[in-house]
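Everything on this sheet refers to the single structure shown next.
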Amino acid sequence: MEKHSVGGGDSPALPGVPNRNNQPRALANSGSTQASVETLDSPTGSHVEWCKQLIAATISSQISSVTPDTASRDFKALRDGTKQVQMDEVPLVPGETIKAVAKDVMYICPFTGLVTGTLTSTNYKLYFISLERDTPFILDVNLGAISRLETISVQSHGENTQGMEIVCKDMRSPRFAYKKEDASQPEIVEVLTKHTFPLSNGLPLFAFLYKEKFLVDGWKVYDPISEYKRQGLPNESWAISKMNSSYEVCDTYPALLVIPTSIKDDDLKRVVAFRARHRIPVLSWIHPESQATIVRSSQPLVGPSDRRCKEDERYLQTIMDANAQSHKLTIFDARQSSVADNNKAKDGGYESESFYPNVELNFLEIPNIHVMRESLRKLKEVVYPSTDEAHWHSAVDQTHWLEYIRVLLAGAVRIADKLESGKTSVVVHCSDGWDRTAQLTSLAMLMLDSHYRTLRGFQVLLEKEWISFGHKFAARVGHGDENHANSERSPLFIQFIDCVWQMTRQFPAAFEFNELFLITILDHLYSCLFGTFLYNSEQERVVNEVQTKTVSLWSYINSQPEDFTNPFYVDYEHHVLYPLASVRHLELWTGYYVRWNPRMRPQMPVHQNLKELLFLKAELQRKVEELQREASSSHGSLSSSSEHTSSPSHSGGTPLHTTV
Amino acid sequence: MRMFDGRVLLKQVILLFWPLISTWVQGAEKIDSCQLQVLEMLSSLGSAGGKSAKPSFVSYVTPEEIKSEKEPSRKEKHPDLLPGEVVFCSASTVLKYTQDDLSQRGVFGVLLCTNFRVSFVSDEEPTEEMGQLFKNKLYGENDIPLSCVDNIYGGSEDKRKLITGGLVKNKYPSKMIIHCKDLRVFQFSLSFSKEEDAKKIFQGIVHHCLEPKSLRCLFAFSYCENTSYPEAQRKKQTVMFDSVEDWTQDMKRTKGNCRVVSENSNFELSPKLPQYFIVPKNVSDEDLTKYQGKGLPMWCWSHHSGCALFKTASIPLVQEDNVPQTYMEKMLTAVAHNHLYSVKTEDLSDTLPTVQDILLSYNKFKQFFLIDNTTEFWMSDMKWFSSLDNCGWLDIIRQCLQKAVEVVESLEKENTNVLIMEEGGSDLCCVVSSLVQLMLDPYYRTLLGFQSLVQKEWVAGGHAFLDRSNHLHLKDKVESQSPVFLLFLECVWQLQQQHGPAFQFSETYLTVLSDSVHVPVFTTFLFNNDGHRDSLLRAESPHTQRSPLNCPTVWDWSVQFDCKAQDLFTNPLYTEKPKQDTSVRKSYRPRHLRQLSLPSSAFKTPPKKGFFKDEADNLKKILGVKRLSRWMLSPSSDSPQTSSSVREFYEAWQTKPLDYHGLLLPCLDGPSIRVWMQRYLRWIHDVQILGGGPVAMLSKVSEILGEVQELQRQLDRHGCTLTSNHKGARPRAKTAAAVIAARSSVRLSSSFPFVTSRNWAFKPAIPTSLLQSLMVTGMPGNLADREDDGGPESLV
């Protein structure tokens with residue numbers, strides 16, 4: 001039996017954590033040992049090592065990933081506890097337990113046909129492994145990613161056979177067929193349903209059971225005070241207010257808010273009353289030079305009778321005055337103007353240019369959350385299971401997904417341009433100011449501020465604009481909730497990440513993070529493994545003690561940042577990046593939406609060569625340094641130096657892309 | 001009769017006096033508002049036009065441009081003429097519109113027509129700075145080689161009409177729009193020139209660009225007579241396949257076992273046959289000339305297993321006539337004898353689109369990129385994806401690639417000889433055979449290898465470049481026009497996109513090559529076949545009959561670009577072939593890399609068929625003629641069998657580790673076939689990503705390469721060589737690397753290196769409005785809204 005010479009030893013020996021070295025095999029899919037023993041400094045070895053990083057997330061392991069020898073070493077502990085021979089191959093994360101096992105289950109693979117194997121349900125994932133042991137076929141699905149479970153008719157597979165379709169939020173719908181006669185086992189569907197929708201069944205979300213320890217504490221990534229300080233706040237015009245520290249003023253806003261210094265408490269109260277859900281205009285970002293600001297809020301409660309609020313009008317005037325460069329203020333209402341009009345009837349509305357002096361109002365004409373949900377639903381039909389060759393573009397076109405991406409990007413570009421070239425402060429709102437508003441402000445900030453384009457900075461951006469400002473993740477994603485038809489659900493965050501991906505495509509060197517990072521974020525948006533995206537608001541997170549009882553996604557990311565960094569990164573400091581909001585430059589994100597199709601997988605990631613180059617550079621650098629050190633003496637030890645070359649990017653850790 | 005009315009004249013008056021007005025205005029401090037007033041005056045005059053009423057109101061000509069006329073350098077300007085270039089006619093005070101925006105601004109200058117190009121020379125002093133980097137030595141950014149002109153439109157205020165030549169008598173339009181084959185669009189206004197000049201230049205351009213002419217009129221001939229290209233420089237290392245040695249060499253390289261025919265070296269056999277070619281051993285001498293070379297299997301490439309790829313022009317089979325049938329069978333047997341008595345035939349005429357289909361599709365496709373104005377652009381942006389599918393261009397690319405994969409499968413997996421055929425044998429046969437070789441043979445993925453491949457399959461292979469491009473605008477050749485070679489480059493680009501590091505040449509190289517087809521200087525693209533070339537070059541030679549006219553080939557890149565620019569032709573991320581190093585550890589097996597990339601089953605040697613085995617058996621098999629193609633209906637209505645077999649082949653290959661020096665297969669799924677952005681979008685100002693695009697990566701790579709080089713230099717100084725067995729990253733940083741690295745990638749755009757953003761205004765391109773947003777939801781576009789929203793601050 002052969003073991004890996006590198007890497008195996010330094011990963012934390014936690015039971016159930018698949019060794020990262022298993023994954024190269026997944027890619028090579030080599031039944032033969034030859035390919036997998038390639039040592040890391042041989043070309044194939046290192047490419048495989050890097051492959052894994054990009055693809056681990058792209059594919060859950062639809063192809064073999066666990067080799068028996070490493071698996072048995074890792075899962076020894078587990079085996080003691082259970083006599084199930086096959087179970088020892090189910091990799092578990094700390095805190096995860098097996099809830100049900102069904103044998104002789106057939107996975108109806110849309111790409112390769114039927115696969116027979118064992119289906120295991122834990123409280124975190126569904127895990128299928130084929131009977132064939134040499135090159136096992138593995139499929140796993142985080143329960144959090146499941147939208148609904150449906151029974152389907154599979155009569156063609158024999159009597160007594162039941163079919164199950166697992167409709168997922170991440171664009172796939174695996175189907176299984178299994179015998180139902182075995183009464184000794186609990187019905188797997190029941191168990192699965194119970195753990196897939198814990199909240200509907202009185203169970204805690206898995207994030208509260210997850211016991212992994214990371215070296216880095218991701219909850220420390222975002223500290224509002226230091227982020228505002230980085231922006232140069234507070235200053236003479238803007239103050240960091242603690243008025244919402246107990247979430248009494250606005251229960252969906254964070255505890256700390258940046259508001260104009262000169263505003264009086266009484267006036268503020270009236271503004272609070274005049275804005276939907278009390279989401280008053282607060283500062284999101286300030287331009288370091290012009291002092292122009294991005295301010296976000298909800299819609300004003302104008303109503304059908306065009307109500308006015310002097311204090312609100314003055315408040316916006318103050319925001320305008322805080323920026324000496326411009327005597328104007330631009331309001332971007334993200335909605336379609338017709339919709340905004342309709343909102344008046346529902347006591348909402350928009351600022352009238354005649355009541356607010358020097359204010360210019362623009363509608364960005366972005367459709368609402370229901371339109372977006374429908375669009376993604378259509379997109380799923382286009383990409384899964386198979387893609388149409390000849391009519392691919394029209395099919396994508398008909399989903400309108402990319403058009404909405406374009407409208408969003410165009411809106412954000414206009415906001416960024418208004419600040420940068422117009423030096424004018426902007427107020428952005430939609431109806432409640434937690435969906436389209438978050439999309440627009442965060443995209444504009446990404447364009448304007450290079451800090452947010454770093455790995456850490458992007459985390460801050462998400463924590464700030466999305467999480468703390470109350471994007472309703474729980475409602476939009478529906479964590480642990482079985483009500484899949486809930487109209488509150490909508491893929492707005494995915495749409496935002498897609499926009500970011502489009503930007504990384506257009507500016508391949510401007511972002512410190514890579515595609516894997518974005519995919520990992522989306523996978524854990526659903527997985528319920530980490531507490532980061534749970535709940536609707538900061539207040540709810542405090543009540544549920546998310547920070548003490550769950551792990552942050554950033555703990556995982558930041559303990560192995562090298563996996564998530566873009567080798568091409570160049571700091572475009574102080575450069576505003578305007579992505580092109582033209583459909584010609586937009587592209588469907590196949591790396592995410594079409595990743596389940598095995599033929600869309602890259603064999604060798606694009607950046608492999610650069611990684612090798614970087615590695616070569618590091619090696620040369622080391623040699624030069626070595627030489628300089630031994631400048632005076634003879635250079636006898638040189639010949640040995642190439643022996644201890646190590647992998648360009650390697651460290652122990654847990655692969656939580658999707659394989660877990 | 002000039003078609004101008006009063007307002008145009010008034011406009012001209014104002015324009016004429018602009019220097020005065022503006023100096024007066026400058027004194028008066030309130031320059032902005034005054035300018036605006038004047039402009040408004042202009043606009044109120046000019047707004048009578050139809051649909052373009054709104055855009056044109058801003059200004060007809062911007063003050064800056066008019067100011068430049070203050071010191072009118074009345075001296076007639078000329079471009080630097082090339083040797084042998086003659087000016088036919090010219091007109092001054094022609095306005096060339098800038099494409100950038102709706103405001104119909106422009107630059108004044110002289111428009112000339114020579115025997116080589118249409119050229120516009122700006123009155124302004126050239127502010128060339130970055131433009132130098134990728135400057136074409138033959139023609140500049142405002143020059144259009146005559147054969148590069150695609151269509152000419154004449155336009156007045158709001159209409160435009162396709163000019164077809166011949167019809168122009170005394171009239172001439174006020175506006176002339178030229179669409180180029182390299183997708184540039186030029187718009188000139190002739191309204192400000194002298195009537196006589198305007199008429200002359202318009203008619204001259206139309207005449208020289210659109211009227212039929214003889215091949216001898218092409219610029220190459222007068223150019224070559226006036227320049228001398230030393231033979232040595234011409235050849236470099238590209239294998240030209242114009243000698244027995246070249247062919248023998250290539251056959252040896254691939255371990256082929258066929259027969260080199262040199263009997264046609266003076267075109268004794270037939271002027272249609274290539275000068276030199278290779279046929280299966282069993283083809284006899286008399287077989288060579290039957291049917292004028294039709295049906296004769298021409299060797300393309302031998303697989304390491306011994307089987308080979310052949311191509312042929314099919315013989316039209318007449319029902320009753322049995323003679324061609326027997327001949328064909330004989331030829332097939334000859335092919336089959338090449339290796340293991342097996343052969344597959346593939347009639348490309350049945351399964352791939354015709355050259356006319358290709359032309360039709362491309363004509364639709366190119367329209368998306370020939371953009372006259374921004375509004376039009378953003379309108380078409382909405383329908384982009386559907387339009388893409390509708391024109392079918394990407395699907396044709398996919399079909400060609402798929403066909404090539406099928407052939408590769410036969411060669412690689414089944415080790416069968418393959419004979420591809422079509423009528424003529426030099427269009428899709430060239431596409432497919434070159435693609436097959438690119439996929440199977442890493443040599444052709446190097447720069448020189450690729451050039452040799454084009455020489456072998458296309459130039460020596462007798463692709464009718466002249467007819468396909470119809471440089472001569474012959475009426476009877478209109479039908480035969482078709483961008484087949486471009487289609488091939490498109491396919492190569494797709495492969496290159498999917499497997500970047502496997503190719504030594506860059507995307508820029510392919511784009512430049514596709515442009516060069518329309519530069520009538522290189523012998524490579526001027527003729528229909530070897531015989532044609534030979535007879536013409538001989539006839540034109542000023543010297544004795546012994547030496548034909550010596551013209552450059554396109555591979556003489558120095559004719560077009562200097563060394564620095566040429567460095568952009570190489571791919572910095574190219575993985576060079578690993579040097580075999582015996583000291584490398586055992587597990588490393590470079591020797592069999594190619595085999596490794598295959599499903600192991602493919603290498604089970606087929607049961608050895610001995611020489612003495614009953615041949616009747618095999619012959620039966622041969623005469624039954626297995627057909628590769630089972631797509632008898634329509635290629636797009638997938639017969640599931642074929643595509644699933646190709647699919648399986650692809651999947652089996654895909655699960656093996658990728659070897660850039662082994663077999664490469666393209667992914668053919670919908671999302672994988674893309675639009676060649678660099679080629680098609682490079683001139684459209686609105687879609688240039690400032691600070692982005694692939695060049696951003698390129699510059700980073702160049703930077704690292706530079707660093708690696710520097711480190712290696714340091715090591716060399718210490719007298720130590722690197723003992724790394726590291727594969728790909730053998731640094732070969734060139735000056736280009738430095739060139740790009742020196743300019744921060746922030747300053748480059750996605751159109752690099754073709755367009756340099758001289759007027760660097762860091763303003764985002766924002767869709768001209770709301771209109772699009774409204775269309776998103778299918779609501780009726782309320783045009784009134786457009787004004788408020790038309791891009792922020794467009795007047796500030």
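Please read these numbers as outputs of a predicted model, since none were measured by experiment. Just so you know, these numbers use all the heavy atoms, side chains as well, and skip hydrogens, waters and symmetry mates. In what follows, chains carry the letters A, B, and so on, assigned in the order in which the sequence lines appear, proteins first and then strands, with residues in each chain numbered from 1.
A donor atom on one side chain and an acceptor atom on the other are found under 3.5 Å apart for B:Q399 and B:D395. For B:S672 and B:Q498, the side-chain atoms include no donor-acceptor pair closer than 3.5 Å.
In this structure, no portion of A:V396 lies under 4.5 Å from any heavy atom of chain B. Both the backbone and the side chain of B:S380 come within contact range of chain A, with heavy atoms under 4.5 Å apart. With a 4.5 angstrom heavy-atom cutoff, A:L586 touches chain B only via backbone atoms. For a residue to count as touching a neighbouring chain, one of its non-hydrogen atoms must lie under 4.5 Å from one of that chain's; by this rule B:L388 touches chain A with the side chain only. Looking at B:I673, only its backbone comes within 4.5 Å of chain A, counting heavy atoms on both sides. Within the 4.5 angstrom heavy-atom criterion, atoms from both the backbone and the side chain of B:F377 approach chain A.
Interface check for chain A: of the options B:V675, B:V701, B:D669, B:I704, the most heavy-atom pairs under 4.5 Å are formed by B:D669. Of all the listed residues (B:G392, B:G693, B:P694), the one sharing the greatest number of non-hydrogen pairs under 4.5 Å with chain A is B:G693.
In this structure, the ring of B:W384 has its center no less than 6.0 angstrom from the ring center of B:F365. Ring centroids of A:F568 and A:F511 are separated by 6.0 Å or more, keeping the two rings apart.
Of all heavy-atom pairs spanning A:S375 and A:T399, the tightest one is OG-O, 2.7 Å.
By the 4.0 Å N-to-carboxylate-O rule, A:E360 lies close enough to A:K418 to be salt-bridged with it.
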